[in-house]
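These notes are about the structure you will find just below.
Worth saying up front: this structure is predicted, and the values here are computed from it rather than measured. Count residues from 1 along the sequence.
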Amino acid sequence: MRTSLIMLFIALANPVAAQDWMLVETHSIPGQCRQPATCMNQAELLQRNILFVPIEEQLALLQFLNQISAIRGVEAGPEGHASISYEDITTQLHSLPKGEKLAALVNHPGVYFDSEKLDADSVTASFATYVRTHLTQAGLKFLTKEEMENTPGRPTLSIRFTPRTESAGCIIPFSLSMSISEETVMVRNPGIKSSGSAWAGSAKENLANSNYTPESALKEVVEKFKKDWEAANPKQN
C-alpha cells in the first residue's frame with residue numbers, strides 16, 4: 001500500500017519572476033511510513049505541474065491545504081529544489097488561449113500617473129485633475145511611484161498631446177492619446193521583458209467643428225476608457 005503526498009514549491013532561478021508560479025508535485029510513499037521526511041528516498045514521483053496562481057490567492061490556497069493536510073513539514077527533496085526552467089513555463093504559456101480584448105483591465109491593480117509635463121503646459125494644465133477625478137470615480141486606482149515599483153508589471157498611465165500645426169498651407173489637427181503600459185514577457189522566452197499596452201485610446205481635432213477643443217478630445221478618450229473599464233469590471237448588484 002502506498003500513500004500520495006502533495007508537495008508545493010515556488011522555485012525559479014529568479015525568485016521575483018516566480019512569485020505567481022507554483023510547482024506542484026505528487027509523490028507516492030509507502031503507506032506504512034509515519035515520518036515522510038525519512039521516506040523520501042522511497043518516494044515515487046507521480047506528476048509535476050506548474051500552476052499560475054496570483055500571489056494574492058496563494059495564501060488562501062496554502063492555508064486551505066494546511067488545514068486538510070494529515071502530514072506537514074516535509075522538506076523538499078533534491079528534485080524539489082531544482083529550478084523551473086523558462087522552457088517549462090513557455091510550454092504552459094503557449095497553451096493558454098489569447099485573452100479577450102479587455103482582459104488586461106479585469107481586476108487591474110492601478111496605475112502610476114506622472115503629470116508633470118501636462119501640468120507645465122497652459123493648454124493641458126487642467127488635464128491631470130480631470131483624469132484623476134473621472135477615472136477614480138470609474139474605479140481605477142492611482143498608485144504612488146513606490147506602489148508602482150512594487151506592483152507586478154509596473155503599470156503606468158500616460159497622456160500625450162500633440163498641438164495643431166500648419167505645414168505648406170495644410171492644417172494638421174491636434175491629437176491626444178491615453179494609454180496604460182505594463183511590463184510584459186515573451187511567450188517564447190519568459191526571460192525577455194519588454195513593455196506592452198494594456199489599454200490605448202486616441203482622439204483627433206474635428207476641423208469641421210469649431211467647438212472641438214483639446215478638452216473635448218480628453219473627455220472623448222476618458223469616456224472610451226470608462227466604457228471599457230466598466231465592461232471589464234462590471235459592478236456587482
Side-chain angles (χ1 to χ4, degrees), residues 8 10-24 50-64 84 86 89-90 92-93 95-119 127-160 176-187 189-202 218 221-237:
L8 293 94
I10 301 177
L12 264 187
N14 181 351
V16 175
Q19 61 182 345
D20 287 334
W21 294 92
M22 304 184 75
L23 171 61
V24 180
I50 303 171
L51 304 181
F52 179 84
V53 182
I55 191 69
E56 63 272 12
E57 298 178 13
Q58 289 180 15
L59 180 59
L61 172 61
L62 294 175
Q63 288 177 336
F64 170 72
I84 305 172
Y86 282 130
I89 296 179
T90 294
Q92 298 293 322
L93 293 177
S95 64
L96 291 176
K98 188 174 181 180
E100 298 293 332
K101 179 181 178 181
L102 302 180
L105 295 182
V106 177
N107 298 321
H108 198 280
V111 297
Y112 172 67
F113 178 35
D114 183 356
S115 63
E116 184 176 356
K117 290 184 179 180
L118 293 175
D119 298 337
F127 283 17
T129 299
Y130 183 90
V131 168
R132 288 193 175 95
T133 299
H134 285 77
L135 297 194
T136 297
Q137 291 174 352
L140 179 66
K141 180 181 179 181
F142 283 86
L143 309 174
T144 64
K145 189 171 184 179
E146 181 179 3
E147 288 175 330
M148 177 270 288
E149 291 290 349
N150 293 322
T151 300
R154 295 184 176 88
T156 302
L157 182 144
S158 60
I159 293 177
R160 180 180 179 183
L176 181 142
S177 63
M178 184 172 80
S179 63
I180 294 178
S181 60
E182 300 185 17
E183 295 176 337
T184 61
V185 295
M186 298 185 70
V187 170
N189 185 352
I192 298 176
K193 183 165 66 173
S194 59
S195 180
S197 175
W199 187 90
S202 62
L218 176 66
V221 173
V222 167
E223 289 304 313
K224 287 180 181 178
F225 176 82
K226 288 173 62 177
K227 182 179 180 180
D228 285 346
W229 175 267
E230 291 168 359
N233 299 281
K235 294 182 180 179
Q236 300 296 324
N237 295 326

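For Ser158, the side chain to side chain donor-acceptor pair (under 3.5 Å) partners at least two apart in sequence or on another chain are Ser179. Applying the side-chain contact (heavy atoms from CB on, under 4.5 Å) test to Thr151 and every residue at least two apart in sequence or in another chain returns Pro109, Leu143, Pro155. Listed by chain and number, the residues in a side-chain contact (heavy atoms from CB on, under 4.5 Å) with Ile192 are Met186, Asn189 (sequence neighbours excluded). Applying the side-chain contact (heavy atoms from CB on, under 4.5 Å) rule to Ser195 yields the partners Ser181; only residues at least two apart in sequence or on another chain are considered. In this structure Trp199 satisfies the side chain to side chain donor-acceptor pair (under 3.5 Å) test together with Asp228, sequence neighbours excluded. Checked against side-chain contact (heavy atoms from CB on, under 4.5 Å), Ser197 has the following partners two or more places apart in sequence or in another chain: Ala200. Tyr130 is linked by a ring pair (Phe, Tyr, Trp, His ring centres under 6.0 Å) to His134, counting only residues two or more places apart in sequence or in another chain.
Residue Asn107 places its CG atom among 12 or fewer non-hydrogen atoms of other residues, nucleotides or ligands, all under 6.0 Å distant. Environment of CD in Gln137: crowded, with over 12 heavy atoms of neighbouring residues, nucleotides or ligands closer than 6.0 Å.
In this structure the side chain of Met178 reaches within 4.5 angstrom of the side chain of Leu157, judged on heavy atoms. Under the 4.5 Å side-chain criterion, counting only non-hydrogen atoms from C-beta, Leu135 is in contact with Lys226. The closest side-chain heavy-atom distance from Trp229 to Leu102 is not below 4.5 Å. Looking at Leu176 and Ser202, their side chains never come closer than 4.5 Å, going by heavy atoms from C-beta outward. A 4.5 Å side-chain heavy-atom check between Val131 and Thr133 finds every atom pair outside the cut-off.
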Query raised in the report: Does the side chain to side chain contact (heavy atoms under 4.5 Å, CB included) test come out yes or no for Leu218 and Ile159, once each step is laid out?
Result: CA-CA 9 Å; Leu218 176 66; Ile159 293 177; 4.2 Å; yes
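The stretch residues 133-153 participates, sequence neighbours left out, in these salt bridge (charged side-chain N to carboxylate O under 4.0 Å, His left out) pairs: Glu149-Arg154.
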Side-chain donor-acceptor pairs of residues 110-119 under 3.5 Å, sequence neighbours excluded:
residue, atom, partner, partner atom, Å
Asp114, OD1, Glu116, N, 3.1
Ser115, OG, Asp119, OD2, 2.9

